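Protein chains get the first letters and strands the later ones, always in sequence-line order, with residue 1 at the start of each. These values consider heavy atoms only, across backbone and side chains, with no hydrogens, waters or symmetry-generated copies. The structure presented is a predicted model; accordingly, all values stated were derived computationally and were not measured.
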Number of protein chains: 2
Amino acid sequence: MFSIGEFSKITGLSIKTIRFYHEKEILIPSCVDSNTGYRYYDHSNVEKARIIIYFRNIEFSINEIKEILDNYNDQTDILDYLEQHKQTIEAKIRKYKNIVISLDNIISNEREAIAAIENSSFEIEEKSLEAILIAGVRMQGKYSDCGKGFTRIGKNFGRYICSKPLCLYYDDEYRPEDANFEACIPIRRSKEVEGISVRQLPAGRCISLLHKGPYDELGRSYAKILEYVNIKKYEIILPTREVYLKGPGIIFKGNPKNYLTEIQMMIK
Amino acid sequence: MFSIGEFSKITGLSIKTIRFYHEKEILIPSCVDSNTGYRYYDHSNVEKARIIIYFRNIEFSINEIKEILDNYNDQTDILDYLEQHKQTIEAKIRKYKNIVISLDNIISNEREAIAAIENSSFEIEEKSLEAILIAGVRMQGKYSDCGKGFTRIGKNFGRYICSKPLCLYYDDEYRPEDANFEACIPIRRSKEVEGISVRQLPAGRCISLLHKGPYDELGRSYAKILEYVNIKKYEIILPTREVYLKGPGIIFKGNPKNYLTEIQMMIK
DNA sequence: GGTAAGGTATCCCCTAAGGGGAGGGTCAAG
DNA sequence: CTTGACCCTCCCCTTAGGGGATACCTTACC
């Protein structure tokens, strides 16, 4: 016979836990002194404690353990119970895996944006772009409506998205209220969806400028890039591309001062 | 301005939850009528609710969300926070995967035992055994001490165990108190451990009998199999093998009436 | 047998994220 | 003015125990 303290050392359960299991009637001391209320435990209690610890370790609740201990005394009988519990655990794993995927997306997006800022001198550069597969929604109207286009593409191509969203501008002048543009997102795999154009965006040379700050200051960066084009006497191929490296985030709107946009003008 | 009921429909949060978030100061109504105590919400509350729901979905606690909302307003700033949270989630995934492995072991063990009972006629059979790799501990003394041997092998080869434990008996007579036997477990991979013999158990023909019931009734099954051997005039090769298909389980001792043991006597 | 240390008992409050319900006040339409 | 729907606060409940207060008990030592 062991006192509760000895029993605690033998089983590794805390005294509080042992008293709690007594209260819940899953681990009843073999003898309780009716005068003092002292609990005394024997070897069969040790065995039962071992079983309870096992079930707790595999995340069975006290109530489930109680039901198992009350109704079964052979492993064969609880097979279905175990099988069902396994399904529950597997569902949790799937849920947590989705969370990790979601976190990974946010983290890698942000890291890329940070890297873009660190690697950029915020000067005009000339560079080569590779061809990319995109899904695009052609729109007519206000620039600021492009969000709707992105949402629509996101709903249809969510899993295939492989890079930052961009807009293609087909006007050669600035017409914010009645623009002719296309909201696009680079994708990994093609799929037919009505109203969404899936195609390759051609490769080529371009002039690129990183714009840091709110969208309504984009004009300044456009002026800078157009001046450069004039000096160099380049011929521009429409549409102009605007890549949203960092904008209002998934979680926070963020500070517009940190928004990051890359303007790309293709040249002949 | 929305009443709490309208706000609940917009956000999908329950009214109780909205009040709770107010109490926790993470979602404070834009206006509270000081006479009636009625809460009224505006669009900025909707946005904040969206953020809170997002964080709750990826299993951030209310306190964590509070800290994030109080201290940050840009995704970039919480990257470390997200990274750390990801580690936590991944730890949970690992834990649950271990539970699933543990459950799988129990479940498949029991299923095999059930299948063995269903497929057996409990008659003597002759069959061929393939060679198996085993880890064994040679012992001298009481049969019932074999458990210690299994424990020892389990501690050293736990991950490599690939089938049911068995005992090899080197005596040709029944000597329960001073037996010469070897506790063995089939393993997947070899490893050097002092005091444990790892080797191939040879293939060959054997006479096999399934014994259902407690171990102290094994004598009857031995009598049956030896009678058969005499009639057929087979010559037996020691050691005799005793395979414990189902004994006292990991969880419950189980009912000895359902214990299942296979006796295998190798013949020339 | 007395004393002191340490073991044990019960009782109450606390956790996280809300849910359920009681009792009572408020709003808007008829 | 009434009625039904809506909203308020307050209290208790959930899991699996942990922390602490206070009182009683056991054991060792003198």
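- In summary, contact between chain A and DNA chain C, defined as any nucleotide atom under 4.0 Å from a heavy atom of the protein, begins and ends at C:dG7 to C:dC11 in the 5' to 3' direction.
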Just distance, no hydrogens or angles: give the donor-acceptor pairs under 3.5 Å from side chains in residues 96-107 of chain B, sequence neighbours left out.
unit_1	atom_1	unit_2	atom_2	d
B:Tyr96	OH	A:Glu59	OE1	3.1
B:Ser102	OG	A:Tyr54	OH	3.1
B:Asp104	OD1	A:Lys86	NZ	2.7

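- Residues that satisfy the side-chain contact (heavy atoms from CB on, under 4.5 Å) test with A:Asp80, not counting sequence neighbours, are absent from this structure.
- The pair A:Arg111-B:Glu83 counts as a salt bridge, with a side-chain nitrogen and a carboxylate oxygen less than 4.0 angstrom apart.
- Other residues, nucleotides and ligands contribute over 12 non-hydrogen atoms within 6.0 Å of the NZ atom of B:Lys191.
- Residue pairs satisfying the salt bridge (charged side-chain N to carboxylate O under 4.0 Å, His left out) criterion with at least one member in residues 40-58 of chain A, sequence neighbours excluded, are listed as follows: A:Glu47-A:Arg50.
- Judged as a side-chain contact (heavy atoms from CB on, under 4.5 Å), and not counting sequence neighbours, the contacts of B:Ser144 are B:Lys142.
- Judged as a side chain to side chain donor-acceptor pair (under 3.5 Å), the pairs with a partner in residues 12-27 of chain A (not counting sequence neighbours) are, in order, A:Ser14-A:Thr17, A:His22-A:Arg39.
- For the helix from C:dG1-D:dC30 to C:dG30-D:dC1, the terminal axes (five pairs an end, C1' atoms, rotation from four pairs onto the next four) enclose an angle of 30°, given to 10 degrees.
- No more than 12 heavy atoms of other residues, nucleotides or ligands shown are found within 6.0 angstrom of CD on A:Gln84.
- Within residues 85-98 of chain A, no residue has a heavy atom under 4.0 Å from DNA chain C.
- Shown here are the side chain to side chain donor-acceptor pair (under 3.5 Å) partners of B:Lys164, two or more places apart in sequence or in another chain: B:Asn109.
- Residue pairs meeting the salt bridge (charged side-chain N to carboxylate O under 4.0 Å, His left out) criterion with at least one member in residues 244-257 of chain B, sequence neighbours excluded, are A:Asp74-B:Lys246, B:Glu110-B:Lys246.
- B:Ser61 is linked by a side-chain contact (heavy atoms from CB on, under 4.5 Å) to B:Asn63, B:Glu64, counting only residues two or more places apart in sequence or in another chain.
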*For nucleotides 6-22 of chain D, read 5' to 3', which letter fits each nucleotide if B means a protein heavy atom sits under 4.0 Å from the base, S means only the sugar-phosphate is that close, and - means neither?*
BSSBB----SBBSBB--
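- Atom CZ in B:Phe7 sits 14.5 Å away from atom OH in B:Tyr40 (nearest 0.5 Å).
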